[in-house]
Number of protein chains: 2
Amino acid sequence: MEDKPAPVSRRNRPAKAPLSRETIVATALALLEKDGLEGLSLRRVATQLDTGPASLYVYFANLNDLHAEMLDAAFAEVALPQTRKGNWRARLKTLLTSYLMVLYNKRGLAQLAMMQVSGGPNALHIVEKMLELLMEGGVLATRAALAVDALLLHVTAVAAEQCNWRDKGHDLERAKTILNSLSPEEFPLLYASRDQFFSSTPKSRFYWALDVIIDGVLATPLPDD
Amino acid sequence: MEDKPAPVSRRNRPAKAPLSRETIVATALALLEKDGLEGLSLRRVATQLDTGPASLYVYFANLNDLHAEMLDAAFAEVALPQTRKGNWRARLKTLLTSYLMVLYNKRGLAQLAMMQVSGGPNALHIVEKMLELLMEGGVLATRAALAVDALLLHVTAVAAEQCNWRDKGHDLERAKTILNSLSPEEFPLLYASRDQFFSSTPKSRFYWALDVIIDGVLATPLPDD
DNA sequence: ACCTGAACACCGTTCAAGT
DNA sequence: ACCTGAACACCGTTCAAGT
C-alpha cells in the first residue's frame with residue numbers, strides 16, 4: 001500500500017555512461033592524478049561514476065585488479081623511440097626517462113608499480129623495445145633479459161623514491177638537517193661526506209645511474225647458474 | 001543511582017606493562033612478522049597491548065611515525081662486518097645480503113622501506129659502514145655517496161619485489177604463463193628470450209646485480225653537475 | 001547479465017573525560 | 001602526564017534484491 005517512488009526522469013542523469021573496464025580505469029586514473037594513491041578508493045571511483053561501491057565488482061575482482069589495470073593503462077603513455085636516430089644507448093636512456101616521467105607525473109603510480117609487476121600489453125611492449133635496443137648494442141639474450149630487469153627495477157624505485165620526497169613534503173630539508181647534526185665521532189665518514197649526498201641534480205644523477213647499470217651489465221661476467 | 005562497576009582486581013591483568021615507544025615498536029614488529037603489512041594496524045597493536053586505539057597517540061604522532069620507528073628498529077639486525085677479513089667488495093656484498101634478508105624475512109618491511117627513507121641511527125650506521133668499505137676500495141667521497149644511494153635503493157627494491165612474489169602467491173607461474181602465451185609476431189624478441197627471464201637463481205642474480213652496480217660505479221665517469 | 005543499496009567488519013584519528 | 005572509550009569519517013567486500 002506504499003506509494004510508488006516518484007518516477008525519476010532519465011533526463012536527470014541522461015549521460016550516465018554504461019560502465020566498462022575502460023571507463024572505470026580512466027576515472028580511477030583521473031582520481032589518482034588528482035588525489036594520489038591515498039585519495040583513491042573503490043568507493044570514490046564509484047561515486048565519481050554515479051553508482052554504488054558494489055557496481056565495480058562486476059568488472060574487477062578486487063582493488064588489486066583495478067590497480068594492475070590502471071598501471072598498464074598508464075604505461076601506454078611511455079614514449080617508445082621509433083626511429084633509429086642516435087645510438088642505442090641514448091635511445092634506451094630516453095625510453096627510461098619517459099618511463100620515469102610517466103611514473104613520476106601521476107601521483108601514486110610509482111608506488112603502485114613497486115607493488116606489482118604489470119604483465120599487461122603495454123608493459124610488454126616496453127620490454128620488447130628495450131630488448132631491441134640492447135640487442136642493437138650487441139647484448140645477447142641472457143644478458144639483455146637481466147639488463148631489462150635491472151633497469152626497470154631501478155627506474156621504478158627511483159620514481160617511487162622521488163615521489164615520496166615530493167608528496168610527503170620537503171623531507172629533503174629534514175634529511176639535510178639530520179646529516180648536519182650528525183656526531184662526527186660516531187659517523188666520521190658520513191659526516192665528512194654529508195654534502196656529497198646532495199651533489200648533482202636529480203636529472204644528472206638519474207642519467208649517471210643508468211650509465212652505471214648499462215656499463216656494469218656490459219662489463220660484468222654473467223652468473224654461472 | 002547506578003551501581004558502581006564491580007571492582008576489578010589489578011591481579012587480573014597485573015603484567016600490563018607501561019607503554020613506551022620501545023614496547024609499542026616491538027609489538028608492532030611482531031605483528032608485522034605474523035600478519036604482514038596488511039594485517040598491521042594501530043588498532044591491532046593497541047589491542048595486543050591491551051589498550052584502546054587512542055593510547056598510542058601519546059607516543060607517535062601517527063601511523064607513519066610508527067612505521068619509521070619500526071623500520072629503523074628492524075635495521076638493528078643488519079649484520080655489519082666488523083673484521084677486515086676478505087676484500088672490501090666481498091664484505092660489502094655480505095652487508096647488502098644481510099640488509100636484503102632483514103627486509104625479506106619480516107613480511108611487509110621491504111614495502112615499508114620503499115615508502116620512506118629512514119634517517120634513524122641504525123640506517124645511518126649501515127651507510128657509515130658502506131662508506132668505510134667503499135673508501136677502503138679506493139672510492140672517493142662523491143662516488144662513494146652515489147654508490148651507497150644506488151646500492152641501497154637497488155637492494156630495497158629487490159626485497160620489495162621478492163616479497164611481492166612471495167606474499168601475493170605464486171605470481172611467478174602466472175608470469176611464465178603470460179610469457180609463454182605471447183604472440184611471437186607482436187613480441188618477437190621477448191618471445192625468443194622468454195626463458196632468459198627465469199635464468200639463474202635469485203641468489204646468483206642478486207650477487208650479479210651487486211657486481212653490476214659496483215663495477216658500473218667504478219667505471220662510469222661522475223656526473224658533471 | 002548487469003547493477004545496486006544496505007550491511008559487515010574493519011580502518012586512522014580526534015576529543016572529551018578520566019586518573 | 002598519561003591513558004582511555006566513544007565517536008567520526010572513512011575503507012574493501014559481500015549479499016540479497018532489483019532490472
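Protein chains get the first letters and strands the later ones, always in sequence-line order, with residue 1 at the start of each.
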Quick tally for nucleotides 13-19 of chain D: nucleotides whose base has a protein heavy atom under 4.0 Å get B, sugar-phosphate-only ones S, the rest -, giving BBB----

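Both tests pass for A:Lys176 against the ring of A:Phe198: distance under 6.0 Å to the centre and angle within 45° of the axis.
Heavy atoms of A:Ser55 sit under 4.0 angstrom from at least one base atom.
Dashed line: the shortest gap from a side-chain N or O of B:Ser41 to OP1 or OP2 of C:dC11 is under 4.0 Å. OP1 or OP2 of C:dC11 has at least one side-chain nitrogen or oxygen of B:Arg44 nearer than 4.0 Å.
Following rounding to the nearest Å, A:Asp35 (CG) and D:dC11 (C1') show an atom-to-atom distance of 15 Å. As rounded to whole Å, 13 Å separates atom P of D:dC3 from atom CZ of B:Arg21. At whole-Å resolution of the value, CG in A:Leu66 and P in D:dG12 are 10 Å apart. Taking atom CZ on A:Phe60 and atom P on C:dC3, their separation rounds to 12 Å, with Å as the unit. Atom CD of B:Glu38 is separated from atom C1' of D:dG12 by 11 Å (rounded to the nearest Å). Rounded to whole angstrom, the span from the CG atom of B:Leu56 across to the P atom of D:dC2 amounts to 14 Å. We find that CG of A:Leu31 is positioned 10 Å from P of D:dC11, with the value rounded to whole Å.
Remark: DNA chain C forms stems of 3 or more consecutive Watson-Crick or G-U wobble pairs, all pair distances under 3.5 Å, at C:4-8 with D:12-16, C:12-16 with D:4-8.
A:Gln196 and B:Thr142 share a donor-acceptor pair across their side chains, judged by distance under 3.5 Å alone. For the residue pair A:Ser204/A:Thr201, the side-chain donor-acceptor check at 3.5 Å is satisfied.
Shown here are the side-chain contact (heavy atoms from CB on, under 4.5 Å) partners of B:Tyr191, two or more places apart in sequence or in another chain: B:Leu182, B:Pro184, B:Arg194.
Of the listed nucleotides (D:dC3, C:dG12, C:dT4), C:dT4 has the atom at the smallest distance from the side chain of A:Val58.
Checked by atom type and distance alone, the side chain of A:Asn164 pairs as donor or acceptor with a backbone atom of B:Met115 at under 3.5 Å. In this structure a side-chain-to-backbone donor-acceptor pair under 3.5 Å is present from B:Ser193 to B:Leu189.
Taking both residues in full, the closest heavy atoms of B:Ala144 and B:Leu134 are given as O-CD1, 3.7 Å, listed atom of the first, atom of the second, then distance.
Using the six-membered ring where Trp is involved, A:His125 and B:Phe187 have ring planes that are tilted, between 30° and 60° apart.
Between B:Asp35 and the options B:Arg44, B:Lys106, B:Arg107, a salt bridge (charged side-chain N to carboxylate O under 4.0 Å, His left out) holds for only B:Arg44.
Taking the C1' atoms as reference points, D:dA7 lies 14 Å from C:dC11, given to the whole Å.
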